[in-house]
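Remember, it's a predicted structure, so these values are computed and weren't measured experimentally.
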Amino acid sequence: TVGLIDLIRQGYLVPPRGIRVRIDDLDLRKVRRVAGDLNAGQLGVAMSAAMAPQRIVEAWEEHAKGRPTIAFLPTVAVSIEQAEAFCAAGYRAVHLDGTTSDDVRDRALDDFRSGRIDVLCNVNLFGEGTDLPMCSCVILRMTSSRVVYQQQVGRGLRLHPGKTNCIILDPAGVTGRHKLATLASLDG
């Protein structure tokens with residue numbers, strides 16, 4: 001079988017560049033696991049308490065400013081908070097989730113494709129089946145699932161004119177857990 005590393009080496013995908021975002025006050029010890037993954041609600045509370053959305057904006061400004069970005073967030077509240085943090089810093093960001101109407105979602109995706117939106121903040125929308133090849137930065141949601149992790153990273157690895165890599169911002173230690181730096185988990 002052909003793995004992700006093979007596809008990168010053969011030039012079918014761009015390589016990821018993982019950057020771990022340190023959020024000193026993020027305490028995940030109280031986040032329980034449900035069905036083998038982290039409890040999204042508790043993760044959201046922990047992220048809000050640690051002021052993670054502001055820290056994520058700062059990391060994005062340092063490492064990925066100007067790159068079309070998809071941010072995966074654990075809850076609607078945190079996704080809204082993250083979009084608001086980007087907007088407060090002067091960037092164009094929107095929040096989308098499963099309750100967003102098709103009209104609003106389609107308009108947001110068109111705006112993202114045309115560069116009128118910098119950051120798409122979402123909850124469980126763009127993990128699979130979405131082709132936005134201009135995306136060159138992904139902000140990860142912490143997950144214990146290798147499949148979810150690979151789907152999130154994969155949103156940014158598609159080829160696009162002028163794109164040479166994809167920045168993967170990891171605000172919760174996912175790359176340490178899934179070893180993105182070596183790409184071993186991405187290859188299965």
Side-chain angles (χ1 to χ4, degrees), residues 13-28 38 40 43-97 100 108-127 130 132-143 148-158 160 162-178 180-181 183 186:
L13 298 172
V14 299
R17 186 173 144 233
I19 298 170
R20 190 167 184 185
V21 179
R22 187 179 175 108
I23 301 175
D24 293 328
D25 299 330
L26 184 59
D27 184 2
L28 299 175
L38 297 170
L43 178 57
V45 169
M47 288 181 71
S48 289
M51 295 182 57
Q54 291 78 15
R55 301 236 172 29
I56 290 169
V57 170
E58 292 166 5
W60 183 84
E61 288 176 322
E62 181 180 347
H63 300 287
K65 184 176 179 179
R67 287 177 177 249
T69 300
I70 298 176
F72 294 93
L73 289 307
T75 66
V76 169
V78 172
S79 182
I80 291 169
E81 188 178 352
Q82 187 64 68
E84 289 173 349
F86 273 108
C87 290
Y91 305 104
R92 301 161 300 184
V94 296
H95 154 78
L96 302 170
D97 65 55
T100 306
L109 291 174
D110 287 344
D111 287 347
F112 184 73
R113 287 182 184 105
S114 68
R116 292 186 299 266
I117 289 180
D118 301 310
V119 183
L120 288 176
C121 298
N122 83 101
V123 180
N124 298 326
L125 284 184
F126 303 125
T130 304
L132 297 167
M134 72 291 308
C135 171
S136 62
C137 176
V138 173
I139 299 170
L140 297 176
R141 168 182 68 84
M142 187 168 192
T143 180
V148 170
Y149 170 76
Q150 289 176 339
Q151 289 170 340
Q152 290 177 28
V153 170
R155 295 312 96 207
L157 301 185
R158 304 281 166 66
H160 194 265
K163 182 171 147 182
T164 59
N165 64 19
C166 180
I167 300 293
I168 308 297
L169 292 180
D170 173 15
V174 182
T175 54
R177 182 167 289 110
H178 291 282
L180 176 62
L183 299 177
L186 294 179

If you measure from [atom1] on [X] to [atom2] on [Y], what distance do you get to the nearest 0.5 Å?
X    : Y    : atom1 : atom2 : result
L96  : N124 : CG    : CG    : 12.5 Å
E62  : E58  : CD    : CD    : 9.5 Å
H160 : C166 : NE2   : SG    : 12.5 Å
I19  : H63  : CD1   : NE2   : 4.5 Å
R155 : S136 : CZ    : OG    : 14.5 Å
L157 : C135 : CG    : SG    : 9.0 Å

Do [X] and [Y] have side chains that get closer than 4.5 Å, going by heavy atoms?
X    : Y    : result
M134 : K163 : no
Y149 : D170 : no
R116 : R113 : no
L125 : T130 : no
I139 : F72  : no
N165 : R67  : yes
F112 : V94  : no
F86  : T69  : no

| What heavy-atom pair brings H95 and A83 nearest, and what distance separates the two atoms? |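 Minimum heavy-atom contact is N-CB, 3.9 Å.
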
| Closest approach of I117 and A93, non-hydrogen atoms and distance? |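 Taking every non-hydrogen atom into account, CG2-CA, 4.4 Å.
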
| task | Look at the side chain of D118 and the backbone N and O of R92, then say whether any donor-acceptor pair between them is shorter than 3.5 Å. | result |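 Yes; judged by distance alone, with no hydrogens or angles, the pair exists.
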
| Hey, does the side chain of Q152 reach the backbone of V138 with a donor-acceptor pair shorter than 3.5 angstrom? |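 Not confirmed, Q152 side chain does not pair with V138 backbone.
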
